[in-house]
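Scroll down for the structure; my scribbles are underneath it.
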Amino acid sequence: MSTRAPHAPPGLAQRLRARLRPPRTLQVTRMGRTYLVLTVGIGLGALNTGNNLLYLVLGLLLSLMVVSGVLSERCLRDLEVRRLGSEAAFAAEPFAFRWALRRKKGHAFALRISEAAVEAMAGSGDVPAAPLAGAGQLPHLRAGAEQVVRADLVAPRRGPLALSGVRVTTTYPLGLFAKTRTFELPGTLLVYPRRGFACAQAPAALQGRVGDVGNPLRTDGTGDVLGLRELGEGEDVRRVHWLKSAAAGRLLAVQREREDLRVFLLELEPGLEGEPLERACEQVAAQAHQLLGEGHEVGLRAGALSLRPAAGPGQERRLLRALAWLGFDAEQAA
C-alpha cells in the first residue's frame with residue numbers, strides 16, 4: 001500500500017511568495033468593468049471637448065471609486081476569524097462548514113467567506129486550487145459580537161485535506177470591486193469516503209446465533225416470526241397483523257424473534273491504489289454503516305491496520321477515520 005503525505009512542507013519559493021503576497025487583492029466585477037469603461041469614455045470626451053460638465057461627471061465617477069476603496073477597506077480591517085470546521089465531511093457531497101467572525105469596532109457589510117487556495121508545489125507550474133468548493137455569506141457584522149457563518153462546502157476527494165487560510169471578500173458599497181483579505185489559518189480537514197450503497201454482500205459473521213432454532217425467550221425483535229399475541233396498551237400499532245386481528249375480533253401483534261448480536265470483520269484487499277482503493281473504501285464504509293445500523297459489531301483489517309469489532313456510532317466514526325487515512329499516512333490511521 002502506498003503512503004501519501006497529506007501535504008508537503010512549503011519550499012523556498014512558496015515561502016518567498018507568501019512574504020511578497022499583497023495584504024489585499026482586488027478583482028473587478030462585471031458591473032465594475034462597465035463602470036471603468038464608462039469612466040474612461042467620459043474622460044476621453046472631456047479631454048477632447050473641454051466640456052466642464054464632462055469634467056464634473058468624470059470627477060464624480062473617480063470620487064466614487066475612491067470612496068468605494070476606502071469603505072471596503074474599513075470592512076476588512078480589524079477582523080478576527082476562527083475556523084470552526086465540520087462535524088463530518090464526506091467526499092463529493094455537501095457538508096456543513098463553519099467560521100466565526102468578530103470585529104472589535106465598526107460594522108462590516110457584504111462579506112463572503114471561503115477557504116483560501118493552497119499554494120502549488122514549487123516549480124510545478126500548477127495553478128493554486130481551492131481545497132473546498134463553496135462559500136458562506138454574511139450580510140452584516142456588528143461590532144463586538146462574534147457571528148458564526150455556515151456554508152455547504154464540497155470536498156473533491158477522500159483523505160486529509162490541507163487548509164492554508166480563510167478568505168474574506170467584500171463588494172461593499174457599490175459592487176464595483178471585490179476586495180479580499182486572506183487570514184493564514186493552517187489546518188487539516190479529514191474527509192471520509194463518499195457515501196453510497198453497498199454493492200457486495202458483507203463477509204460471513206465471525207460470531208452469531210448458533211443452531212437453526214432461535215431462543216423463544218428473546219422476542220419483540222426484528223427477526224423471524226414466532227407467533228401472535230394481543231396488542232398491549234400503548235404499543236406500536238405497526239406490529240398489528242390486521243388480517244388476523246379482523247378474524248379474531250381484537251388487535252393481535254406479530255411477535256418476532258430478537259436477533260442475536262453478530263460480529264463481522266471487514267477487510268480491504270492489500271496493494272490497492274488510486275481509484276480501486278477509493279471504491280474499496282466506499283464499499284467497506286457502506287457495509288459498516290449497514291451492519292452497525294442493524295446493531296452488529298464490526299471490525300476492520302487493512303494491511304497493518306486493525307480495528308477490533310465494536311458496535312455503536314463511535315465505532316462507525318473510528319472506521320470512517322481509519323478509511324479516510326488509508327493510503328496517506330499509516331501511522332495516523334492506527
Side-chain angles (χ1 to χ4, degrees), residues 17-40 42 57-86 89 94-120 127-155 161-187 189:
R17 277 201 300 270
R19 288 181 178 276
L20 297 178
R21 183 186 301 135
R24 306 286 189 274
T25 58
L26 194 66
Q27 187 176 7
V28 183
T29 64
R30 179 180 298 180
M31 184 187 302
R33 287 194 290 270
T34 305
Y35 187 89
L36 289 178
V37 170
L38 180 64
T39 303
V40 172
I42 292 177
V57 174
L58 177 63
L60 178 62
L61 294 176
L62 293 177
S63 300
L64 288 178
M65 292 173 60
V66 174
V67 170
S68 173
V70 172
L71 293 179
S72 62
E73 175 61 27
R74 288 179 62 85
C75 285
L76 299 180
R77 187 171 294 177
D78 297 329
L79 275 179
E80 296 178 1
V81 179
R82 291 191 300 125
R83 182 189 291 120
L84 302 181
S86 175
F95 57 88
F97 199 88
R98 297 177 301 158
W99 303 271
L101 276 74
R102 187 174 183 275
R103 185 180 169 89
K104 295 180 181 177
K105 57 182 179 180
H107 296 250
F109 302 93
L111 300 180
R112 183 175 186 271
I113 303 94
S114 62
E115 286 297 322
V118 178
E119 290 289 342
V127 178
L132 298 172
Q137 304 287 343
L138 182 60
H140 178 216
L141 178 62
R142 293 177 299 170
E146 186 177 69
Q147 286 190 242
V148 176
V149 182
R150 180 189 181 279
D152 290 333
L153 304 185
V154 177
L161 203 60
L163 304 177
S164 61
V166 178
R167 287 164 51 93
V168 181
T169 303
T170 181
T171 57
Y172 182 78
L174 303 176
L176 304 178
F177 307 99
K179 182 175 286 187
T180 300
R181 179 183 177 186
T182 301
F183 297 82
E184 292 189 5
L185 292 173
L189 175 67

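FYI, side chains are in, hydrogens and waters are out, and symmetry mates aren't considered; it's all heavy atoms of this structure.
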>> side-chain contact (heavy atoms from CB on, under 4.5 Å) for D152 and R150? Distances and angles first, verdict last.
In response: CA-CA 7 Å; D152 290 333; R150 180 189 181 279; 3.2 Å; yes
>> Checking V66 against L62 for the side-chain contact (heavy atoms from CB on, under 4.5 Å) test, could you report, in this order, the C-alpha distance in whole Å, the side-chain angles of both residues, the deciding distance, and whether it holds?
In response: CA-CA 6 Å; V66 174; L62 293 177; 5.7 Å; no
>> Before you tell me yes or no, could you show the steps for R82 and L84 under side-chain contact (heavy atoms from CB on, under 4.5 Å), namely the whole-Å CA-CA distance, both residues' side-chain angles and the distance that decides it to 0.1 Å?
In response: CA-CA 6 Å; R82 291 191 300 125; L84 302 181; 3.6 Å; yes
> Passes side-chain contact (heavy atoms from CB on, under 4.5 Å), L185 versus L163? Steps please.
Replying inline: CA-CA 7 Å; L185 292 173; L163 304 177; over 6 Å; no
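Within a 6.0 Å radius of CD in Q27, no more than 12 heavy atoms belonging to other residues, nucleotides or ligands are found. Other residues, nucleotides and ligands contribute over 12 non-hydrogen atoms within 6.0 Å of the CZ atom of R24.
For R102 and E80, the salt-bridge test passes: some basic side-chain N is under 4.0 Å from an acidic carboxylate O.
Atom CG in L76 sits 12.5 Å away from atom OH in Y172 (nearest 0.5 Å). If you take OG1 on T170 and CD on E73, they are separated by 10.5 Å, rounding to the nearest 0.5 Å. Taken from NZ in K179 to CZ in R181, the straight-line distance is 11.5 Å, to the nearest 0.5 Å. For the atom pair F95 CZ and L189 CG, the distance stands at 5.0 Å (nearest 0.5 Å). Separating the CD atom in E115 from the OG1 atom in T182 is a distance of 10.5 Å, to the nearest 0.5 Å. Annotation: the span from S68 atom OG to F177 atom CZ amounts to 6.0 Å, rounded to 0.5 Å.
Here the side chain of Y35 pairs a donor or acceptor atom with the backbone of L61 at under 3.5 angstrom. For the pair S86 (side chain) and A96 (backbone), a donor-acceptor distance under 3.5 Å is present. A donor-acceptor contact shorter than 3.5 Å links the side chain of T29 to the backbone of L176. R103 places no side-chain N or O within 3.5 Å of a backbone atom of L141 that could act as its donor or acceptor partner. Between the S63 side chain and the G59 main chain, a donor and an acceptor come within less than 3.5 Å of each other.
C75 and A108 get closest at one heavy-atom pair: O-CB, 3.6 Å. Heavy-atom minimum distance, P131 versus A116: CD-O, 3.1 Å.
The side-chain contact (heavy atoms from CB on, under 4.5 Å) check on S114 picks up R112, A135, R167, with sequence neighbours excluded. By the ring pair (Phe, Tyr, Trp, His ring centres under 6.0 Å) test, H140 pairs with H107, F109, sequence neighbours left out.
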